[in-house]
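What follows is a short report on a single structure.
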Amino acid sequence: MPLFSKSHKNPAEIVKVLKENMAILEKQDKKTDKASEEVSKSLQAMKEILCGTTDKEPPTEIVAQLAQELYNSGLLVTLIANLQLIDFEGKKDVSQIFNNILRRQIGTRSPTVEYISAHPHILFMLLKGYESPNIALRCGIMLRECIRHEPLAKIILFSEQFRDFFKYVEMSTFDIASDAFATFKDLLTRHKLLVAEFLEQNYDEDYEKLLHSENYVTKRQSLKLLGELILDRHNFAIMTKYISKPENLKLMMNLLRDKSPNIQFEAFHVFKVFVASPNKTQPIVEILLKNQPKLIEFLSNFQKERTDDEQFTDEKNYLIKQIRDLKKPTA
């Protein structure tokens, strides 16, 4: 039995046809309608090879051949670089093809991870996709699939382009800002040891600026992420640094009184780290002592409606006790 019937082109042919028609789309001349149709057909054929059909699995050797053609032809780069020229369904197909081929393994090797590591501009094109509304969410899906692989997450984290996330998570389009934040969070929480190394070298005021965001969602998500980061034992150095600064404690005390109960609640989870730490710095102790009666009264009445959350009630009582037991240091 031949591997391909006459109606099914082989991987080399599919890649050749797709590359030729992408070149026509790039020119944006009169032939684009026909080219767009051919691109859609080729992407469908490629997807069928990679994902198989409902009744049969894709043959391993054909998938390997297609992957090799994608690498050698540079088509993977072309598809990402010109994603905005492809129609809506085609964009979906590209992201499915990309993610599928990225997951492909040969033993312990991940060939597409190796290919992207050698061509890191693919990652930065995906990241820059957040600046184009018609491809932003598709690029986000592919970027998060890349981040699952530590070598690729490391390239993004330690790049200058990483700082673009601070701009993207504040974008005015809600869907794009939320998607960018999901990717940002994934980068900072998935690979614990890598992130701890990164934060020790790079944590700065840009992260804290997000806590002052005018955007409610960004502010809440940033608080939640901060709580997650400083409560992770891998980030002990960052936690120690963060809770040593009086301005950070003052910000959390202000956010405890935010008009949003959700922001108050997330602030509580950061505030408790300051109070529970056995190694408080002198400025932190002084702020807590200065506000001791007010804090005890405030926490006693804080979010009383959370009656079914036993852990929260226990933590609140523990903090009240810790603050009550604080003593002025003897001279």
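- With rounding to the nearest 0.5 Å, the separation of CD1 in I135 from CD1 in I141 is 12.5 Å.
- More than 12 heavy-atom neighbours from other residues, nucleotides or ligands sit within 6.0 angstrom of CD on Q105.
- A heavy-atom distance below 4.5 Å is found between the side chains of N202 and F158.
- Residues I101 and T112 come closest through the heavy atom pair O-OG1, 2.7 Å.
- Between Q65 and I49 there is no side-chain heavy-atom pair separated by less than 4.5 Å.
- Applying the side-chain contact (heavy atoms from CB on, under 4.5 Å) rule to N21 yields the partners V17, I24, A35, E38, V39; only residues at least two apart in sequence or on another chain are considered.
- A side-chain donor-acceptor contact under 3.5 Å links D87 to the backbone of G90.
- Counting only distance, with no hydrogens or angles, the side chain of S73 and the backbone of E69 share a donor-acceptor pair below 3.5 Å.
- Sequence neighbours left out, not one pair with a member in residues 214-241 passes ring pair (Phe, Tyr, Trp, His ring centres under 6.0 Å).
- Just one residue in the list D179, L152, L187, I156 forms a side-chain contact (heavy atoms from CB on, under 4.5 Å) with L143, and that residue is I156.
- By the side chain to side chain donor-acceptor pair (under 3.5 Å) test, T78 pairs with no residue at all, sequence neighbours left out.
- Counting all heavy atoms, side chain and backbone alike, A153 lies closest to I147 at CB-O, 3.7 Å.
- You'll find the side chain of V77 reaches within 4.5 Å of the side chain of H121, heavy atoms only.
- Listed by first and then second residue, the salt bridge (Lys or Arg N to Asp or Glu O under 4.0 Å) pairs that reach into residues 269-296 are K272-E315, sequence neighbours excluded.
- Note on E89 versus K92: salt bridge recorded, some NZ/NE/NH1/NH2 to OD/OE distance being below 4.0 Å.
- For T173, the side-chain contact (heavy atoms from CB on, under 4.5 Å) partners are I176, not counting sequence neighbours.
- Once rounded to the nearest 0.5 Å, the distance linking CD of Q282 with OG of S244 reads 13.0 Å.
- Listed by chain and residue number, Y115 satisfy the ring pair (Phe, Tyr, Trp, His ring centres under 6.0 Å) test with Y71 (two or more places apart in sequence, or in another chain).
- Pairing each heavy atom of S36 with each of L25, the nearest pair is N-CD2, 3.9 Å.
- Applying the salt bridge (charged side-chain N to carboxylate O under 4.0 Å, His left out) criterion to D325, with sequence neighbours excluded, gives K321.
- Residue pairs meeting the ring pair (Phe, Tyr, Trp, His ring centres under 6.0 Å) criterion with at least one member in residues 168-193, sequence neighbours excluded: Y130-Y168, F162-F184, F165-F184, F166-F184, F181-F184.
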Please report, to 0.1 Å, the donor-acceptor pairs under 3.5 Å made by any side chain of residues 248-256, with sequence neighbours excluded.
unit_1 : atom_1 : unit_2 : atom_2 : d
N248   : ND2    : Y242   : O      : 2.9
N254   : OD1    : R257   : NH2    : 3.2
N254   : ND2    : K250   : O      : 3.4

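- A donor-acceptor pair is defined here as one N or O able to donate and one able to accept, closer than 3.5 Å; such a pair exists between the side chain of S260 and the backbone of N262.
- Shown here are the salt bridge (charged side-chain N to carboxylate O under 4.0 Å, His left out) partners of E131, two or more places apart in sequence or in another chain: K128, K167.
- A side-chain donor from one of D93 and Q44 sits under 3.5 Å from a side-chain acceptor of the other.
- Closest approach of C139 to G129, counting heavy atoms only: SG-CA, 3.8 Å.
- Taking hydrophobic clusters as Ile, Leu, Val, Met, Phe, Trp and Tyr residues chained together by side-chain heavy-atom distances below 4.5 Å, I287 shares a cluster with M239.
- The shortest heavy-atom contact between D175 and L137 is O-CD2, 3.7 Å.
- The side-chain heavy atoms of I263 and E266, taken from C-beta on, include no pair separated by under 4.5 Å.
- Proximity of a side-chain donor or acceptor of D186 to a complementary backbone N or O of A182 within less than 3.5 Å is not detected.
- Residues L188 and L157 meet the side-chain proximity criterion, which asks for heavy atoms closer than 4.5 Å.
- F312 and F302 have tilted rings, their planes meeting at an angle from 30° to 60° on a 0 to 90° scale.
- A donor-acceptor pair is defined here as one N or O able to donate and one able to accept, closer than 3.5 Å; no such pair exists between the side chain of S213 and the backbone of K209.
- Without hydrogens or angle criteria, N317 side chain to T313 main chain gives a donor-acceptor distance under 3.5 Å.
- Evaluation of the salt bridge (charged side-chain N to carboxylate O under 4.0 Å, His left out) rule for K19 yields no partner, not counting sequence neighbours.
- Distance alone, capped at 3.5 Å, places no donor-acceptor pair between the S277 side chain and the F274 backbone.
- Considering only heavy atoms from C-beta on, L210 comes within 4.5 Å of E170 through its side chain.
- Here D33 pairs with nothing under the side chain to side chain donor-acceptor pair (under 3.5 Å) rule; sequence neighbours left out.
- Proximity of a side-chain donor or acceptor of N235 to a complementary backbone N or O of I238 within less than 3.5 Å is not detected.
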Next on the checklist: Under the criterion salt bridge (Lys or Arg N to Asp or Glu O under 4.0 Å), I'd like the reasoning laid out for E20 against K16: C-alpha separation, chi angles, the key distance, then a yes or no.
Outcome noted: CA-CA 6 Å; E20 285 168 0; K16 181 172 177 287; 3.0 Å; yes
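- Separation of atoms OG (S95) and CG (L79) is listed at 11.0 Å; rounding is to 0.5 Å.
- Within the 4.5 Å cutoff, no side-chain heavy atoms of V94 are placed close to those of R138.
- Annotation: cation-pi geometry not satisfied between R220 and F265 (NZ/CZ under 6.0 angstrom from ring centroid, within 45° of ring axis).
- Shortest non-hydrogen contact noted between C51 and N100 is SG-ND2, 3.6 Å.
- Judged purely by atom type and a 3.5 angstrom limit, Q292 uses its side chain to pair as donor or acceptor with the backbone of L326.
- A salt bridge between E145 and R148 is present, with a side-chain N of the basic residue lying under 4.0 Å from a carboxylate O of the acidic one.
- In this structure, the separation between OG on S159 and NZ on K154 is 13.0 Å, given to the nearest 0.5 Å.
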Next on the checklist: Test side chain to side chain contact (heavy atoms under 4.5 Å, CB included) on N10 and I14; report intermediate values, then the result.
Outcome noted: CA-CA 6 Å; N10 67 41; I14 295 171; over 6 Å; no
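- Distance NZ/K47 to CD1/I97: 7.5 Å, rounded to 0.5 Å.
- I323 contributes atom CD1, which lies 10.0 Å from atom CG of L289 (distance to the nearest 0.5 angstrom).
- Looking only at distances, no side-chain donor or acceptor of Q84 sits under 3.5 Å from a matching main-chain atom of S132.
- Using a 4.0 Å cut-off between charged side-chain N and carboxylate O, K219 and D258 make a salt bridge.
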